[in-house]
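Below you'll find the structure, written out as structure tokens, and then a few comments.
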Amino acid sequence: MTILVLNAGSSSLKYQLFKFSGDSYNVLSKGTVERIAIGDSLITHKGKGGAEIKITGNIDSHTEALKKVFEALCDKEYGVIKNVGEISAFGHRILHGAEDFGSSVILTEENLEKCRKNIELGPLHMPANLSCVEACKQLISSTPNVGVFDTAFHSTMSKTAYMYAIPYEYYTDYKIRKYGFHGTSHRYVSGEAAAYLDNAESKIITCHLGNGSSIAAVKGGKVVDTSMGLTPLEGLAMGTRSGDIDPAVIEFIMQKTDKSISEILNILNKKSGVLGISGISSDFRDVTTAAEAGNERAELGLAMFAYRVRKYIGSYLAALNGADAIVFTGGIGENSVKMRERIISGLDGLGIEFDAEKNQSVKRNAVSEINKTASRIKILVIPTDEELVIARETYELVKTK
Ligand code: AMP
């Protein structure tokens, strides 16, 4: 069975084509379309034999982008399938499932209508996610579409964990509560960690550290708590997001700068975090280079990022009453030797004994242990694979159809 995974952003489209036979699979092709409806669009496509092809032009919509992706996948020279009829299902990453979707679903018209009602909970991502589904339905109406929600894995949180301490009616009237995001990643790495520990009941703290960052406390495969909230703005300090702040700061800045509430929220989402503190970049490689060259604000941004992650790990140790493993994943978690050391060294008092030498030689495609052998809590680095989770979920839902 061949499954096309689609992850649509406001001006981008990432795709990956999987071929399943039984429980095993391989990736036939993958790529990205960038600058949709901006001009000078670019498709970077990995086709037959892994050769990378760049296609340029102007792509005005997700429907246009999908047409180009289909052409690339079926191209006589570098394509990997003969025609789009070979695709058995589309698996879509959908940002927000709200309380409607605690697991993946086939996107029937009824389910799509529920998704449309949740656009207000994810106004930046949901329109693109849903227009990609509409485009698939329009271009190949007979192929099923499956929605895999970023929030779904977190739907096991208790009310104690997901409620905000604000008047109760805001929850009943407007669905205001913590939902959590990066669910497919937390799910994948916590599952891999439990398999590695050979204990399905393990208590695991998963740290997804990338452009957006979040942490989850997982017990027996179920999320107990997570750091992102109603939107991805809550929790850790991130590349451009502030994470947790005193909400009163918002009115204070409004008064001081004469900015509107939406301008302030834009600043908290796009101009804060490590970018806001360093004034240099949201890319941790650039900020690390600057810090090493003596830039004090770059150093402060990185130190604040690490400190916030440590505090969340501490609070989740309390929420879980200890842990079997702490997992690092995401671009920073998988690749930054220095950031892992900053975050997790010096926690011996909590039974977390970091091994600086093992931290230097982490494997690319496997679970790596970076703790001392005697450490009560294991520290693992696990490469995430959100596309694989989406492909598997899609496969499971359509294989019996
Ligand atoms: P992601 O959103 O998961 O793709 O992660 C992107 C982030 O990972 C960016 O801030 C990158 O700078 C960061 N990153 C990737 N590789 C490294 C590295 N070797 N050292 C530090 N940061 C890295």
V249/I253 under side-chain contact (heavy atoms from CB on, under 4.5 Å): CA gap, chis, key distance, verdict:
CA-CA 6 Å; V249 167; I253 303 177; 3.7 Å; yes
Starting at NE2 of H125, measure out to CG of L130 and round the result to the nearest 0.5 Å.
12.5 Å
Is it true that F181 and H96 have ring centroids separated by less than 6.0 Å?
yes
Should the pair K338-E341 be classified as a salt bridge under the 4.0 Å nitrogen-to-oxygen rule?
no
How about I379 and E369: do any of their side-chain heavy atoms sit closer than 4.5 Å?
no
Dump the intermediate steps for side-chain hydrogen bond (donor to acceptor under 3.5 Å, both in side chains) on R364 and N335, then the final yes or no.
CA-CA 9 Å; R364 287 251 152 245; N335 299 305; 3.1 Å; yes
Electrostatic pair E109-R116, nearest N-O below 4.0 angstrom
yes
Exercise: do H92 and N129 side chains pair donor with acceptor under 3.5 Å:
no
Determine whether the aromatic ring centres of H45 and Y78 lie less than 6.0 Å apart.
yes
Compare all side-chain heavy atoms of I43 with those of I53 and state whether any distance is below 4.5 angstrom.
no
Any sub-3.5 Å donor-acceptor pair from R340's side-chain atoms to G333's backbone N or O?
yes
Is it true that K54 and E52 make a salt bridge, defined as a side-chain N closer than 4.0 Å to a carboxylate O?
yes
Is it true that D225 and Y312 share a donor-acceptor pair across their side chains at a distance under 3.5 Å?
no
The test is side-chain hydrogen bond (donor to acceptor under 3.5 Å, both in side chains); show your working for E234 and Y164 and say whether it passes.
CA-CA 12 Å; E234 189 183 343; Y164 291 121; 2.5 Å; yes
Residue pair H208 / S185, side-chain donor-acceptor N/O under 3.5 Å:
yes
Polar side chain donor-acceptor pair, T289 to E292, under 3.5 angstrom:
no
For D324, is there an ion pair with K378 - N to carboxylate O distance below 4.0 angstrom?
no
Between R392 and E387, is there a salt bridge with N-O shorter than 4.0 Å?
no
For this output row, return yes or no: ring centroids of Y25 and Y395 closer than 6.0 angstrom.
no
Enter the distance from L388:CG to E393:CD here, rounded to the nearest 0.5 Å.
10.5 Å
Examine the side chains of K203 and N321 and answer whether a donor and an acceptor come within less than 3.5 Å of each other.
no
Do you see a donor-acceptor pair shorter than 3.5 Å between the side chains of D100 and N118?
yes
Under 3.5 Å, is there a donor-acceptor pair between the H182 and S214 side chains?
yes
Say you draw a straight line from CG of N7 to CZ of R93; how long is it, rounded to the nearest 0.5 Å?
5.0 Å
What is the ring orientation for Y171 with Y168, classed by angle as parallel under 30°, tilted 30 to 60°, or perpendicular over 60°?
perpendicular
Which of these passes side-chain contact (heavy atoms from CB on, under 4.5 Å) with F153: T184, V389, V218, T226?
V218
Any carboxylate oxygen within less than 4.0 angstrom of a Lys/Arg side-chain nitrogen, looking at E99 and R177?
yes
